[in-house]
Amino acid sequence: MVSTNRWLAAAVAACLVGVAACSVATPTATLDRSPLSATTVPRPSQTAATTISPEPSPSDTLNTGRIGLGTEITAERLDLEFSDTVQEFVSDGVSLLLTSRMADDVGPDGVPDLWRFTPGQKSPELLWRNPERNHTIVKVVGDVGEIGFVDMPVTGERAWNLWFLPRHADEPILLDQHPGDEDVPSAVPSFVVQEGTIVWTAFDRGPAGPVSQLLIAQAPSWEPRVVRELLSKDAEFWFPSLLGPELVYVEAHYSADRTSDERRLFLASLMALDQEPRRLDSSGRATMPLVTQSGILWKEADPGFSMFNWGKMYRYDRETGSVSTLDTSPQEYVNYPSAGGRFVAWEGENFTRFGVYDLVRDEARMIERHPQDGDVWILRPHIHGDLIVWLHINPSISGSMGEIRYAALPHAAADRPGAP
């Protein structure tokens with residue numbers, strides 16, 4: 001059976017790199033992301049994407065298991081020669097953003113470079129060649145061509161760099177860095193990008209000790225400024241999310257011995273960041289929030305478990321202020337949710353089931369289902385806008401560690417009266 005360790009490491013978010021223990025329990029699985037093997041760049045005559053045929057054949061079972069919404073969309077895949085060099089991948093709504101080690105001068109553990117693949121292109125394009133060839137890009141987020149990403153050395157020192165690449169720019173802007181102090185937590189930033197704005201969380205030195213910060217930079221100057229700051233021994237900021245002027249984020253407040261925490265979810269406005277934010281949850285377990293047109297969503301792990309563990313999804317109604325559960329069928333527990341214009345995606349604890357939530361129909365919808373005792377797995381789905389990307393593990397595909405697949409989902413107006 002083909003090893004899947006390098007891809008399954010998505011069960012542990014990049015933001016966990018160097019983070020101190022934040023709960024008394026650990027995730028269901030803690031898996032190692034091993035380095036990827038290098039290959040050559042696809043030649044211009046090669047296509048980097050292949051449409052998955054709608055009907056399986058004896059020699060090609062790529063479509064086996066597609067049901068429901070999966071039969072309504074056209075799934076495609078990156079060429080295996082390129083995808084075998086990829087570590088991080090996300091959708092920015094119009095393209096796939098990818099980190100790759102596709103170069104001859106990369107060290108054995110580095111994944112230093114940022115690439116982009118836009119559906120319809122023949123091959124991915126190199127957006128940024130990292131001058132630090134022994135670094136790895138551990139996290140990337142984008143919004144229609146504006147991109148934030150974090151790189152860090154693979155040699156173990158306490159360091160990370162947060163970069164922002166404006167649309168159509170040739171070189172990224174260095175927004176933030178870890179100060180290098182031994183007592184400053186080294187967890188990499190969590191961040192969100194929305195046209196003209198990037199918001200992130202970071203740790204830094206402070207006059208009274210290490211601090212956790214919520215920061216923002218906006219066009220045209222992209223000058224960082226601190227929005228909120230707390231002593232990191234008491235609390236930490238995590239997981240900002242944006243839609244229009246609405247900003248949500250998490251404050252994790254710790255017990256004195258840091259064996260437990262209370263996660264508080266706050267809503268603020270970009271138009272009034274000097275005003276006190278409003279708390280939305282009452283459980284003390286809210287994390288990984290998403291702002292959508294249909295309400296503010298978040299995940300809650302079971303009591304006693306880390307905020308990075310599997311959990312259930314909840315939705316806050318802006319009009320009534322009520323909180324309700326969100327149907328994640330066929331999954332009971334999910335992790336790392338992402339939201340587009342119409343759909344919400346997440347990784348499920350059952351890797352053989354792949355579904356999304358339709359905010360227009362207000363129901364869960366299936367894309368793929370595979371035998372429970374089989375070895376076909378769906379991992380790391382991510383959606384932005386109407387473009388979704390995921391990893392399809394199928395050991396029967398010779399020589400493949402997995403396929404990076406993507407598809408355009410129905411847009412938000414598709415089910416409205418009079419829509420085509």
Side-chain angles (χ1 to χ4, degrees), residues 1-4 7-11 27-29 31 49-78 80 83 89-91 96 297 299 309-313 325-340 342-383 386-398 400-410 414-415:
M1 177 175 174
V2 176
S3 170
T4 59
W7 293 115
L8 282 175
T28 306
L31 300 153
T50 303
T51 300
I52 299 170
S53 57
E55 296 296 335
S57 66
S59 62
D60 184 1
T61 59
L62 300 181
N63 257 335
T64 302
R66 290 180 63 194
I67 62 173
L69 180 61
T71 65
E72 301 175 20
I73 62 177
T74 301
E76 297 185 275
R77 65 186 177 194
L78 285 183
L80 292 177
S83 63
F89 59 89
V90 295
S91 165
L96 308 185
L297 315 180
K299 183 198 76 173
N309 213 316
W310 306 102
K312 298 183 178 182
M313 293 295 297
T325 57
L326 199 70
D327 183 9
T328 58
S329 301
Q331 305 289 347
E332 181 178 5
Y333 291 97
V334 299
N335 216 346
Y336 308 111
S338 58
R342 172 173 174 172
F343 294 91
V344 182
W346 37 62
E347 185 168 84
E349 63 168 349
N350 183 343
F351 296 148
T352 68
R353 301 292 186 263
F354 179 26
V356 293
Y357 193 85
D358 189 331
L359 294 170
V360 171
R361 294 190 182 185
D362 205 18
E363 64 181 17
R365 302 180 68 183
M366 286 287 290
I367 293 178
E368 291 186 34
R369 182 175 60 211
H370 301 276
Q372 294 274 20
D373 58 352
D375 49 12
V376 177
W377 288 0
I378 308 299
L379 304 173
R380 301 175 62 184
H382 182 268
I383 184 172
D386 296 325
L387 182 64
I388 188 170
V389 59
W390 67 94
L391 183 76
H392 185 100
I393 297 288
N394 186 348
S396 67
I397 302 174
S398 177
S400 172
M401 294 287 285
E403 298 179 344
I404 297 175
R405 297 187 177 186
Y406 60 94
L409 295 171
D415 276 356

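Scope of the values below: all heavy atoms of this structure, side chains included, with no hydrogens, waters or symmetry mates.
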When rounded to the nearest 0.5 Å, the distance separating CZ of Phe351 from CZ of Arg380 is 11.5 Å
As an exercise, state the distance from CG of Leu391 to CD1 of Ile404, rounded to the nearest 0.5 Å. 6.5 Å
Once rounded to the nearest 0.5 Å, what's the spacing between atom CD of Glu368 and atom CG of Leu69? 11.0 Å
Specify the closest pair of heavy atoms between Trp377 and Thr352, including all atoms of both residues, with the distance to one decimal. CD1-CG2, 4.1 Å
Run the side chain to side chain donor-acceptor pair (under 3.5 Å) test against Asp362 and tell me which residues pass, sequence neighbours left out. Arg315, Tyr357
On a heavy-atom basis, which atom in Glu349 and which in Trp310 lie closest, and how many Å separate them? N-CZ3, 3.7 Å
Quick check against the 3.5 Å criterion: does Glu347 have a side-chain atom that pairs as donor or acceptor with the backbone of Leu379? no
Smallest heavy-atom separation, Trp346 atom then Gly355 atom, equals NE1-O, 4.1 Å
For Asn350, is there any backbone N or O sitting under 3.5 Å from a side-chain donor or acceptor partner on Gln331? yes
Shortest non-hydrogen pair, Val356 vs Ala345, comes out as CG1-CB, 4.1 Å
Tell me if a side-chain donor or acceptor on Lys299 pairs with a main-chain N or O of Asn309 at a distance below 3.5 Å. yes
Does Tyr333 reach the side chain of Lys312, with side-chain heavy atoms less than 4.5 Å apart? yes
Is a side-chain N or O of Ser338 found less than 3.5 angstrom from the main chain of Ile383, in a donor-acceptor match? yes
Taking Val389's backbone N and O only, do any of them form a donor-acceptor pair with Arg405's side chain (distance below 3.5 Å, no angle check)? no
Rounded to the nearest 0.5 Å, how far does CD1 of Ile378 lie from CZ of Arg369? 13.0 Å
Where the side chain of His392 meets the backbone of Glu403, is there a donor-acceptor pair that is under 3.5 Å apart? no
Checking Thr71 now: which residues fulfil side-chain contact (heavy atoms from CB on, under 4.5 Å) with it, not counting sequence neighbours? none
With rounding to the nearest 0.5 angstrom, report the CG to CZ distance, Asp327 to Arg365. 13.0 Å
Rounded to the nearest 0.5 Å, what separates atom CZ in Phe343 from atom CD1 in Ile367? 7.5 Å
N/O donor-acceptor pair under 3.5 Å between Ser91 side chain and Leu387 backbone: yes
Closest heavy-atom contact between Ala75 and Trp390? CB-CH2, 4.0 Å
Are Ile393 and Asp375 close enough that some pair of their side-chain heavy atoms sits under 4.5 Å apart? no
Indicate the atoms forming the closest heavy-atom contact of Gly402 with Ser83, along with that distance. O-OG, 4.1 Å
